[in-house]
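Following: one structure in C-alpha cells, then a few remarks.
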Amino acid sequence: MPIRWRLTLFNALAIGGILLVSSLARFFLLRGSLFSGLEDTVRNRAVTAAREVEAGEELDTGDDELTLDGVFIVVRDGRGRVLSRTAELGNGAEDQVWSRALESGRPEGGAAGLPGDGSGYVYAVPVDPASGAARVVEAGKSYEAVEETLDTFAGLLAVVVLFALLLSAIGAYLMARAALSPVEDVVGAAREITAGDLSRRLPVANPKDEIGRLATTVNGLLSRLEAAFARREEALERQRRFAADASHELRTPLTSVIGHARMLDEWALEEDPNRARRSVAAIRREAGRMRTLVESLLALTRGDECPGLEVGRHDLAAVAGEAVQTARDTAEGKVSIEYVTPEHEVWATIDRGRVLQVASILMDNAVKYTPKGGSVVVELREEDGLAAIEVSDTGVGIPEDRLPLVFERFYRADPSRADGGAGLGLSIARQIAGSHGGEIRAESTPGKGSTFTLLLPKKP
Ligand code: ADP
C-alpha cells in the first residue's frame with residue numbers, strides 16, 4: 001500500500017478512535033446526569049408529598065409543583081389501596097415499590113415497570129408506618145422522555161462523528177499528498193538520470209526538510225559519481241593515447257629494422273659487404289632505441305601501477321655526483337659539466353636508484369639540448385627543509401608556451417631534432433619525484449638555456 005494511503009488510513013483510524021471515545025464519554029455523562037436528575041426530582045416530589053400527607057393536608061392532585069414534568073403521585077393506605085392520585089399513570093408502579101417501603105418502614109426507590117409498556121423511576125415514602133393508619137406516598141416518572149433525548153443525542157453524535165471522520169480522512173489524504181508530492185518530483189527526476197548523463201540533479205524544494213536532505217544527499221552522490229566517471233574516462237583516454245603514441249614510436253625503428261633486414265636478405269649480404277655492415281649497424285642502433293623506449297614505457301607503467309619505493313637514508317651529494325660522472329662520460333667533452341657540491345652532506349630518505357634515474361634524465365637532457373662548447377652546472381642545495389638538485393644549461397631553451405607541456409608523455413618541444421628522445425624522460429622524472437612527495441620545476445629562456453630543479457623532501 002502506498003505511504004499516502006497508509007498515512008490516510010492511520011490518521012483516519014486515530015482521529016476516528018479519539019472521536020468515538022470522546023463521543024461515548026459525552027453520551028454516558030449526559031445519560032448519567034439525565035437519569036440522576038430524574039431520580040432527584042422524583043425523590044424530592046415524593047418527600048414533599050409525604051410531608052403534606054403527614055401534616056394531614058389533603059393531597060392536591062392538581063398541584064403543579066408536584067406533578068410538573070410528568071411526575072405522578074399516588075397515596076395508598078396500609079393495604080395498598082389507592083387513596084388519591086395525580087396523573088393518568090397514577091395507578092402506581094407495577095413492581096409495588098410501595099409495598100417494600102411499607103414493609104421496611106423506610107423510603108424505597110428503584111426502576112419499575114409502569115402501566116403501559118414503559119418503565120420509569122419510582123420512589124415510595126411511608127407515612128406513620130407504625131400506626132394503624134399507615135399510608136405510603138409514591139412518586140414516579142417514566143424514563144421515556146430521557147430515553148428520547150438520549151436517542152436524539154446519539155443519532156446527532158453519530159452524524160457528527162461520521163462527518164468529522166470523513167473530513168479528517170480527506171484532510172489527511174490531502175496533507176499526505178502535499179507532503180509527498182516532492183517525493184514524486186524526485187522520483188521523476190531520478191528516473192530521467194541515466195549513466196550517460198550524470199550532470200542532471202534532483203530538484204531541492206526545501207533543503208532543510210527530510211526530502212530536501214535526501215535530494216541533497218543524492219545530488220552529492222551524483223556529483224561524486226560524475227567526477228569518478230569523468231576521471232575514469234580521462235584515464236581511459238590517457239591510456240588510449242599512450243598506447244597509440246607508444247605504437248607510433250615503436251613503428252619507426254621497427255620499419256627501419258625490417259627494411260635493413262630485407263635488404264641484407266635480398267642482396268646486400270652477398271653483393272655489398274660494406275652496405276651490409278652499415279645495415280647491421282643501423283639495425284643495432286634502431287634495436288637499441290627500441291630497447292630504451294620499451295624500458296621507458298615499462299618504467300612509466302610500473303610507476304603508474306605500483307609507485308612503491310625502496311627507500312633508505314642516502315647522501316644526495318653522492319647520488320648527484322654519480323649522475324654527473326655518468327653525464328660527463330656520455331658527453332665526451334661536448335659540453336663542460338660543473339658540479340657545485342654543498343659543504344656538508346645532504347641526507348634524505350629516498351629510493352636511490354630512482355632518484356639517480358631522475359638526476360640522469362635531467363643531466364642527459366641538459367647535455368642533449370646544449371650545443372657543443374656550452375656548459376652545464378649541477379648544484380645541490382637545501383631549500384626550506386627540501387633538498388634541491390638544480391641542473392642549468394646554456395642550451396637551446398624551451399619557448400614559454402611549451403614549457404608546461406614538456407612533462408607530458410611523448411611530448412617533444414622540437415620534434416625536428418634528430419638527437420631528441422621519445423619524449424618520455426621528463427614524464428618518468430616527474431612521476432618519480434611525485435612518488436617521493438617532491439616535484440620538478442622548469443625555467444627556460446629560448447636561445448639562452450634552461451634550469452630544471454628536482455625538489456625532494458628530506459623525510460618522506
Ligand atoms: P626527450 O626524450 O625528448 O628528451 P623528455 O621528456 O626528456 O624527452 O623532454 C621532453 C622535451 O622537453 C624534449 O623533447 C625537449 O624538447 C624539451 N627539453 C627537455 N629538457 C630540455 C633542456 N634541458 N633544454 C631544452 N629543451 C629541453
Side-chain angles (χ1 to χ4, degrees), residues 22-161:
S22 72
S23 304
L24 283 176
R26 254 165 233 234
F27 178 81
F28 282 107
L29 276 175
L30 182 71
R31 188 174 181 276
S33 89
L34 283 178
F35 275 101
S36 71
L38 180 145
E39 286 163 12
D40 282 352
T41 308
V42 168
R43 269 197 293 270
N44 285 340
R45 302 288 164 79
V47 170
T48 313
R51 257 192 227 121
E52 281 179 21
V53 170
E54 208 170 12
E57 291 170 20
E58 194 63 30
L59 187 73
D60 183 0
T61 51
D63 185 349
D64 271 359
E65 280 196 17
L66 284 175
T67 59
L68 205 70
D69 313 328
V71 175
F72 66 82
I73 309 277
V74 179
V75 183
R76 296 171 193 272
D77 65 11
R79 291 204 203 128
R81 277 184 307 222
V82 174
L83 300 176
S84 61
R85 60 180 188 174
T86 51
E88 231 168 86
L89 275 171
N91 292 330
E94 285 168 349
D95 301 62
Q96 301 189 331
V97 179
W98 56 269
S99 70
R100 277 195 276 129
L102 271 178
E103 264 168 41
S104 67
R106 282 201 314 269
E108 296 281 346
L114 297 183
D117 52 4
S119 67
Y121 182 75
V122 174
Y123 195 73
V125 182
V127 178
D128 298 334
S131 76
R135 282 155 297 170
V136 62
V137 177
E138 190 184 30
K141 186 178 175 180
S142 164
Y143 284 140
E144 203 181 322
V146 169
E147 274 162 2
E148 261 175 31
T149 309
L150 284 176
D151 283 351
T152 315
F153 183 69
L156 208 71
L157 219 54
V159 171
V160 170
V161 166

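Residue numbers start at 1 and run along the sequence shown.
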CZ (Arg79) and OG (Ser99) are apart, to the nearest 0.5 Å, by 15.0 Å
Side chain to side chain, Leu30 and Leu34, heavy atoms closer than 4.5 Å:
yes
(request) Compare all side-chain heavy atoms of Tyr121 with those of Lys141 and state whether any distance is below 4.5 angstrom. (result) no
Is the closest side-chain heavy-atom distance between Val122 and Leu114 below 4.5 Å? yes
When every non-hydrogen atom of Ala46 is compared with those of Val125, the smallest separation belongs to CB-CG2, 3.9 Å
**Message:** Could you check whether any side-chain heavy atom of Val71 comes within less than 4.5 Å of a side-chain heavy atom of Thr41, counting everything from C-beta outward?
**Reply:** yes
- Message: I'd like to check Arg135 versus Arg76 (side-chain heavy atoms, cut-off strictly below 4.5 Å). Are they in contact?
- Response: no
Residues Ile73 and Ala49: closest non-hydrogen pair is CG2-CB, 4.0 Å
Hits for side-chain contact (heavy atoms from CB on, under 4.5 Å) against Asp40, two or more places apart or cross-chain, chain-then-number order -> Arg43
By side-chain contact (heavy atoms from CB on, under 4.5 Å), Glu103 pairs with (sequence neighbours left out) none
Which pairs would a plain distance check flag for residues 143-158, meaning a side-chain donor or acceptor within less than 3.5 Å of a matching protein atom at least two apart in sequence or in another chain?
unit_1, atom_1, unit_2, atom_2, d
Thr149, OG1, Ala145, O, 2.8
Thr152, OG1, Glu148, O, 2.8

Heavy-atom nearest pair, Trp98 first then Ala124, reads CA-CB, 3.6 Å
Between Leu38 and Ser142 the two heavy atoms that sit nearest each other are CD1-O, 3.7 Å
Nearest heavy-atom approach of Ala134 to Leu102 is CB-CD2, 4.3 Å
Between Ala139 and Val42 the two heavy atoms that sit nearest each other are O-CG1, 3.4 Å
Check whether any side-chain heavy atom of Val127 sits under 4.5 Å from a side-chain heavy atom of Val137, and report yes or no.
yes
